[in-house]
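Letters go in sequence order (proteins before strands), and every chain restarts at 1. These numbers come from the heavy atoms of this one structure, side chains and all, not from hydrogens, waters or symmetry mates.
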Protein chains: 2
Amino acid sequence: MDTRERLIESTRELLWEYGYVGTSPKAIQQRAGAGQGSMYHHFRGKPDLALAAIIRSAEELRDRAEAEFSGPGAPLQRITAYLRREREALRGCPVGRLTQDRDVMADPTLRRPVEDTFAWLRTRLAGVLTEARADGDLDTALDPAATATALVAVLQGGYVLARAAGDAEVYAQAVDGALGLLAGHAH
Amino acid sequence: MDTRERLIESTRELLWEYGYVGTSPKAIQQRAGAGQGSMYHHFRGKPDLALAAIIRSAEELRDRAEAEFSGPGAPLQRITAYLRREREALRGCPVGRLTQDRDVMADPTLRRPVEDTFAWLRTRLAGVLTEARADGDLDTALDPAATATALVAVLQGGYVLARAAGDAEVYAQAVDGALGLLAGHAH
DNA sequence: GTCTATAGTGCGATAGAC
DNA sequence: GTCTATCGCACTATAGAC
């Protein structure tokens, strides 16, 4: 892994743990094992480097989700697999976390990947719910778009509650609750 | 409102918008219209002042929720009222936001009110769900604790998605989706 | 109880040698 | 392409006058 790559990966981890305001170029350089000059050679500054890191985290989230959504099994099985997939609950969502970062949301360039990722995720999940409905596996009374938004919200909120409790099990409990609610509408 | 009070309220607002790392004593003083000496007279420092602000925000969240939970109407009506209550979706949750703040979660004293608030909220909501079940208004197959955690997660995640989209309507959509899922289990 | 002055630290960024 | 030196600034906190 070359220096540029190490800088991006270090920024991703620090952004995940400390957020944008709490991540300093100095900390990035130390973690990447690079000097100041090196960082400012590859990137114009903190926002430029953060953008590269955010885009990569967004792509990773999207790729992993797409793998579950387009995987094998019936639509509802794929949704269950997606919701139950192991996540690092106590670390939170590397992309969702950024919505609480004012400097990120205030900068249209930094904000864009975050906005696009969740817009895609909600739409994509709604599509799988629509598939399930077309197969006759899901109650037609359920609105796919609203249900998809609620399910994604359970994951994002599950991170919040797990971190508040200091217990990853709370995340699992939120998912269990959501699946319990969904089960009543499955045929 | 005296100086001490203005300092606490200013800190609450700044903590809500900028988070702990992004909130400086200087900004607090300016918003409160107080000098440095004044702040350090009333509080030992930033963490001490933040604690007072966090405790107050936690109390407010709890009081507002309790008002809905112990209000008039059947249990499921009260839950619907709680979920649908107007919130400032784009500003996010003043307490939930703190879970993303490393300096807050790393300090047991600052973390305590956050942890307690969500533990109480989940337990209290589970209690109302149990009431609904006892009244024969809710499917007995639904686990009250898991369902409560999922519903609270929808709210917390709804903030995240609304902020990501830059649209408060997304928060409402998450709530609609959750109520749609819950409706299938109501008698 | 509130003010101003000041200290010490770390931030984000630039300059220029190698 | 990477390094060290340095800049100007804001941060959190303390000291001491009023």
Round to a whole Å and report the spacing from CE of Met39(A) to P of dA5(D). 19 Å
Under 4.0 Å between a side-chain N/O of Ser38(A) and OP1 or OP2 of dG1(D), yes or no? no
Starting from P on dG1(C), measure out to CD on Glu5(B) and report it in whole angstrom. 15 Å
Pair Arg64(B) + Glu60(B), salt bridge at N-O below 4.0 Å: yes
What's the CZ-C1' distance between Arg6(A) and dT2(D), to the nearest Å? 11 Å
OP1 or OP2 of dT2(D) sitting under 4.0 Å from any side-chain N/O of Thr3(A)? yes
Do NZ/NE/NH1/NH2 and the carboxylate oxygens of Glu5(B) and Arg56(B) come within less than 4.0 Å? yes
Whole angstrom is fine here: how far is it from CZ in Phe43(A) over to P in dG12(C)? 16 Å
Arg31(B) bridged to Glu13(B) by N-O distance under 4.0 Å: yes
Rounded to the Å, how far apart are Gln29(A) CD and dG1(D) C1'? 15 Å
Asp137(A), Val128(A), Asp135(A) screened by side-chain contact (heavy atoms from CB on, under 4.5 Å) with Leu76(A), the one that passes: Asp137(A)
Leu14(B) CG to dT12(D) P: how many Å, rounded? 11 Å
Arg87(B) charged N/C atom sitting above Tyr82(B) aromatic ring, 6.0 Å / 45°: yes
What nucleotide, of dT12(D), dG1(C), dG12(C), holds the atom closest to the side chain of Pro25(A)? dG12(C)
Length of the line joining Tyr20(A):OH and dC11(C):P, which is rounded to integer Å: 14 Å
Reckon Gly37(B) touches a base, only the sugar-phosphate, or nothing at all at heavy-atom distances under 4.0 Å? base
Check the distance between dG10(C)'s C1' and Gln36(A)'s CD and give it to me in whole angstrom. 11 Å
Report yes if a side-chain nitrogen or oxygen of His41(A) is closer than 4.0 Å to either non-bridging phosphate oxygen (OP1 or OP2) of dC3(D); otherwise report no. no
Can you identify which nucleotide, out of dT12(D), dG1(C), dC11(D), has its nearest atom closest to the Lys26(B) side chain? dC11(D)
